[in-house]
Amino acid sequence: MQDLLTKFENLTIQSDFIFKKVMSRKRICKHLLEELLQIEIADINYLEAEKTLEPEYTSRGIRLDIIVADDKNTHYNLEMQVRNNKNPDTDTYVLPKRSRYYQALLDIDLLQKGQPYDLLPPTFIIFICVFDFFE
């Protein structure tokens with residue numbers, strides 16, 4: 001039991017569990033978004049945590065950590081990134097294309113069939129990295 005307690009006490013914001021717990025605090029999540037984007041947000045609503053999007057049976061699915069929307073219907077996806085992974089075949093970093101893919105799949109759920117594209121709300125995909133991505 002003591003080992004489990006010690007492991008829990010040593011968790012940081014980098015831990016998936018702790019990140020989701022901290023970001024589920026409305027005041028903290030709202031403040032973080034305001035600081036990161038240098039904007040003011042009146043209020044946020046939690047849409048879903050750990051939302052899984054699988055567009056097609058044969059397509060690659062994703063699991064989004066935290067999704068919130070503000071009072072202006074802007075959607076934000078917050079992700080914790082602890083490693084700067086590379087594709088071993090091409091030796092290129094995967095995060096830029098991963099963020100593009102997340103953006104595309106997030107947009108899929110934001111329009112209903114027949115709705116015009118100009119109703120698509122603004123979205124932000126935010127990867128919080130514990131490394132210097134831009135070196």
Side-chain angles (χ1 to χ4, degrees):
M1 183 67 174
Q2 186 61 33
D3 284 345
L4 184 59
L5 185 58
T6 302
K7 286 179 183 177
F8 183 77
E9 288 174 347
N10 290 329
L11 292 176
T12 67
I13 191 74
Q14 295 176 33
S15 157
D16 187 56
F17 174 78
I18 298 296
F19 178 72
K20 287 179 183 120
K21 284 292 182 195
V22 170
M23 288 300 109
S24 69
R25 303 280 311 267
K26 191 178 216 179
R27 181 182 58 81
I28 294 171
C29 187
K30 179 180 167 292
H31 181 71
L32 177 69
L33 289 169
E34 290 174 328
E35 288 297 316
L36 287 174
L37 301 173
Q38 294 295 293
I39 59 173
E40 286 190 33
I41 299 172
D43 194 20
I44 61 171
N45 293 307
Y46 286 85
L47 302 177
E48 202 164 341
E50 289 195 7
K51 180 176 184 157
T52 301
L53 296 171
E54 298 181 60
E56 295 287 331
Y57 172 72
T58 57
S59 298
R60 181 175 187 146
I62 60 171
R63 184 181 49 84
L64 305 172
D65 286 347
I66 300 288
I67 303 173
V68 298
D70 68 15
D71 52 298
K72 296 175 183 165
N73 199 33
T74 300
H75 289 65
Y76 306 89
N77 167 230
L78 294 159
E79 301 285 328
M80 174 57 66
Q81 188 67 34
V82 296
R83 285 184 301 280
N84 196 10
N85 296 328
K86 282 186 173 184
N87 179 327
D89 297 328
T90 62
D91 201 38
T92 58
Y93 291 108
V94 299
L95 193 55
K97 287 200 176 174
R98 182 173 161 214
S99 65
R100 176 181 149 197
Y101 194 68
Y102 276 38
Q103 181 81 47
L105 290 188
L106 184 60
D107 282 348
I108 285 174
D109 275 358
L110 297 178
L111 279 183
Q112 300 301 312
K113 190 174 187 173
Q115 284 185 306
Y117 292 112
D118 61 345
L119 291 181
L120 195 61
T123 58
F124 289 86
I125 307 295
I126 300 170
F127 282 89
I128 301 171
C129 301
V130 298
F131 51 87
D132 181 6
F133 178 73
F134 296 105
E135 298 176 346

Can you name the nearest heavy-atom pair linking [X] to [Y], along with the distance?
X      : Y     : result
Pro121 : Asn73 : CB-O, 3.1 Å
Met80  : Gln14 : CG-O, 3.8 Å
Asp71  : Ala42 : OD1-N, 3.2 Å

Measure the spacing between [atom1] of [X] and [atom2] of [Y] and express it to the nearest 0.5 Å.
X      : Y     : atom1 : atom2 : answer
Leu11  : Ile18 : CG    : CD1   : 5.0 Å
Lys21  : Ile13 : NZ    : CD1   : 12.5 Å
Leu37  : Leu32 : CG    : CG    : 8.5 Å
Phe124 : Leu33 : CZ    : CG    : 9.5 Å
Lys97  : Thr92 : NZ    : OG1   : 7.0 Å
Ile44  : His31 : CD1   : NE2   : 12.5 Å

Just wondering, do [Y] and [X] contact through their side chains at under 4.5 Å, heavy atoms?
X      : Y      : answer
Tyr46  : Cys29  : yes
Phe133 : Phe127 : no
Asp65  : Met23  : no
Thr123 : Asn77  : no
Asp43  : Lys26  : yes
Gln81  : Phe131 : yes

Near Gln115 CD, under 6.0 Å, is it more than 12 heavy atoms from other residues, nucleotides or ligands? yes

Is there a donor-acceptor pair closer than 3.5 Å between any side-chain N or O of Lys30 and the backbone N or O of Ile41? yes

Quick check on the hydrophobic clustering: are Val94 and Val82 connected, directly or via other members, by side-chain heavy-atom contacts under 4.5 Å? no

Using side chain to side chain contact (heavy atoms under 4.5 Å, CB included) as the criterion, point out the one residue from Leu78, Leu106, Asn45 that pairs with Ile67. Leu106

